[in-house]
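Worksheet for the structure shown next.
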Amino acid sequence: MKKNYLLTPGPTPLPPEVCEALARPIIHHRTPQFQEILKEAHAGLKEIFQTKNEVFILASSGTGGMEAAVANFLSPQDTVITVEAGKFGERWTEICQAYGINCDVIKVEWGKAADAEEIKSKIQNSKSKIKAVFTTLCETSTGVATDIKAIGEVVKDSGAILVVDAISGLGAIDLKTDEWFCDLVVSGSQKGLMLPPGLAFISVSPKAWKIAESAKCPKYYFDLKEAKKAYEKTDTPWTPAIGLIIALNEAIKLMQKDGLEQIFARHRKMADATRAAMKALSLELFAPTAYSDVVTAVKVPAGIDGEKLVKTMRDTYGVTIAGGQAELKGKVFRIAHMGYIGEFDIITGISCLEKVLAQMGYSFKMGAGVAAAQAVFLKI
Ligand SMILES: Cc1ncc(COP(=O)(O)O)c(C=O)c1O
């Protein structure tokens, strides 16, 4: 028998309440029953996004939400700033370029966080008017968290809209959409929200709606004006992902029971425990100063085959962590501590990591990582 443990930064494990909701018989979406469900989902999402703005639910993975953020608010030949601190920051540039938008790219060394002052100076010194600034709350490829609050302060009076990819991070670490002047916040279902993949979410500020009036990029499925018309009648323009939205309400109820502050504190503790374990194993964090409480990226030690490490943990022992992406392939491994991942999942993950590292010849004191994580968990 092999038991499976999922410690990846999306998808994340599903709580039993969510699994039960996913197993319910389907209902039709143009009914008062579904309208009640949708109303509840809209209200719950506003709480999680910490916003008074509408939060739209799209039937796509998170990238669909990113595409909606570009297509609805910009025109070809517009100039925007994209912050690239990893693979997902690069995705903003790729989507914008696909729509003929000029990107003034801020390249941040992988493992470091974007600097609000650099964004400020880029906005001030750009030859063209900057229409939008594209950022990433948690750069999942490097494990880095971005100071969105500081970026909000520099973007708010610039005329540009602030766009945040919170696909990994929302519902795990703090993001005050309204208080931090975030105009568009995009998220997805398969991370902090403890659902399967298949839903994207996007919140839209009044400032962004104003810009949308003159936006000329083509769109159809992701036309948020259509979504807004439907939203006002508690409806959706196309067939919604009914089952996932029903399950979303169960996930929201679980999150409401804990409260956002408690959720953030839990993520912090699990991240602290993971980081302490890595230190005790003499393993180096990939982002030693800008780390997130969502996912921890760790450098593969010299002499160890990083891809084999991840593969052995998964295929031999059923513990799935993530390897490195793009230029970090084989160089880092990533342990997620997000959503429905608890203390003992982390302990299991660390103990499996120790076992495989020992088998691969890495020299360390067996149990040191587990003991360090337990020490963090034992503190109140
Ligand atoms: C920060 C970030 N942005 C974007 C994405 C892409 O989301 P999806 O794969 O749901 O389209 C991911 C997924 O891993 C992510 O972590």
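We count ligands from 1, going down the list as the structure has it; atoms in each ligand are counted the same way.
More than 12 heavy atoms of other residues, nucleotides or ligands sit less than 6.0 Å from atom NZ of Lys219. Residue-environment remark: NZ (Lys207) exceeds the threshold of 12 foreign heavy atoms within 6.0 Å.
For the pair Ala247 and Ala21, the tightest heavy-atom approach, listed with the atom from each and the gap, is CA-CB, 3.8 Å.
Listed by chain and residue number, the protein contacts of ligand 1 are Ser61, Gly62, Thr63, Met66, Phe88, Arg91, Thr136, Cys138, Thr140, Asp165, Ile167, Ser168, Gln190, Lys191 (heavy atom within 4.0 angstrom).
With Asp293 as reference, Arg275 is the one residue of His337, Arg275, His267 to meet the side chain to side chain donor-acceptor pair (under 3.5 Å) rule.
Applying the salt bridge (charged side-chain N to carboxylate O under 4.0 Å, His left out) test to Glu343 and every residue at least two apart in sequence or in another chain returns nothing.
Ring planes of Phe34 and His29: perpendicular class, angle over 60° (limits at 30 and 60°).
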